[in-house]
Amino acid sequence: MYDDILLPTDGSDGMDAAATHAGQLASKFDATVHVLSVVDTRNRFESPSSGLSADAWLDAERERAAEAIEDTVAQLPDDVTVETATREGVPTTEIVGFAEDESVDFVVMGTHGRTGLDHYLIGSVAETVVRESPVPVLTVRLPEA
């Protein structure tokens, strides 16, 4: 039923919950898990760079993406086939684009469960992926820190 499962990761605490679900599905269906991390290249209204140059910020984001992939892969069962990828751009666009480009069958992703003003201002990557994905999406609420 599922040959290719996409598991986007941003390295958030609790990603192991989404990785557990993806790993169990992959084991059951002998599927490949594609672990994707997106380097967010957008300029934001709050500068996360804290005064860093744009190049230094991108380098730090690339390092974060690589660590997120490494940490997420470590959470998957050893018997699961894993492929990794990093993309740069807007996370929702890149996740949906990856699902289309790689013809994945299913997406498993974490959600932080933001509500109220925080949700309105920040938005929800998971919510947008659910709306725009060409394939089914399983969202896994990540535990609060």
Side-chain angles (χ1 to χ4, degrees), residues 1-44 46-50 52-115 118-119 121-145:
M1 180 174 222
Y2 302 118
D3 294 321
D4 293 281
I5 299 170
L6 174 56
L7 177 60
T9 182
D10 63 1
S12 297
D13 290 340
M15 259 311 292
D16 55 329
T20 296
H21 285 279
Q24 288 174 349
L25 286 165
S27 291
K28 179 175 177 93
F29 294 105
D30 194 28
T32 298
V33 176
H34 300 264
V35 179
L36 170 69
S37 191
V38 178
V39 175
D40 192 344
T41 58
R42 296 174 293 179
N43 290 328
R44 300 184 182 201
E46 286 185 88
S47 175
S49 63
S50 302
L52 294 175
S53 72
D55 289 341
W57 169 249
L58 279 176
D59 288 345
E61 274 293 288
R62 289 179 183 122
E63 184 175 319
R64 181 213 43 84
E67 289 174 8
I69 288 171
E70 183 178 320
D71 292 346
T72 301
V73 168
Q75 299 298 321
L76 293 168
D78 292 336
D79 65 335
V80 169
T81 302
V82 176
E83 293 185 10
T84 63
T86 303
R87 288 194 172 189
E88 295 189 8
V90 177
T92 54
T93 303
E94 295 304 321
I95 293 167
V96 171
F98 188 94
E100 293 170 344
D101 296 346
E102 301 299 321
S103 300
V104 300
D105 303 303
F106 197 72
V107 179
V108 178
M109 63 186 305
T111 178
H112 297 285
R114 291 187 175 101
T115 59
D118 194 28
H119 175 75
L121 292 174
I122 298 170
S124 169
V125 172
E127 182 180 323
T128 303
V129 170
V130 166
R131 283 195 321 265
E132 298 180 5
S133 176
V135 297
V137 179
L138 170 66
T139 59
V140 179
R141 185 164 186 166
L142 302 183
E144 299 291 327

Identify each donor-acceptor pair in which a side-chain atom of residues 64-72 lies under 3.5 Å from a protein atom, sequence neighbours left out, and give them as a table.
unit_1, atom_1, unit_2, atom_2, d
R64, NE, E61, OE1, 3.4
R64, NE, E61, OE2, 3.4
R64, NH1, D10, O, 3.2
R64, NH2, V38, O, 2.9
R64, NH2, E61, OE1, 3.3
T72, OG1, T9, OG1, 2.8
T72, OG1, A68, O, 2.8

Under 3.5 Å, sequence neighbours excluded: what are the donor-acceptor pairs made by side chains of residues 14-27?
unit_1, atom_1, unit_2, atom_2, d
T20, OG1, D16, O, 2.8
S27, OG, G23, O, 3.1

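Between the side chain of D105 and the main chain of D4, a donor-acceptor pair closer than 3.5 Å is present.
Side-chain contact between E102 and L6: absent, with no pair of heavy atoms (C-beta onward) separated by less than 4.5 Å. Counting heavy atoms from C-beta on, the side chains of Q75 and L7 never come closer than 4.5 Å.
Minimum heavy-atom separation, S133 to V107: OG-CG2, 4.2 Å. Taking every heavy atom of both residues into account, H34 and F98 meet most closely at CB-CE2, 3.8 Å.
In terms of the salt bridge (Lys or Arg N to Asp or Glu O under 4.0 Å) criterion, D3 has no residue partners (sequence neighbours excluded). Take D59 and apply the salt bridge (Lys or Arg N to Asp or Glu O under 4.0 Å) test, not counting sequence neighbours, and it matches R62. With sequence neighbours left out, Y2 forms a ring-ring contact (aromatic ring centres under 6.0 Å, His included) with F29, F106. R131 meets the salt bridge (Lys or Arg N to Asp or Glu O under 4.0 Å) test with E127; sequence neighbours excluded.
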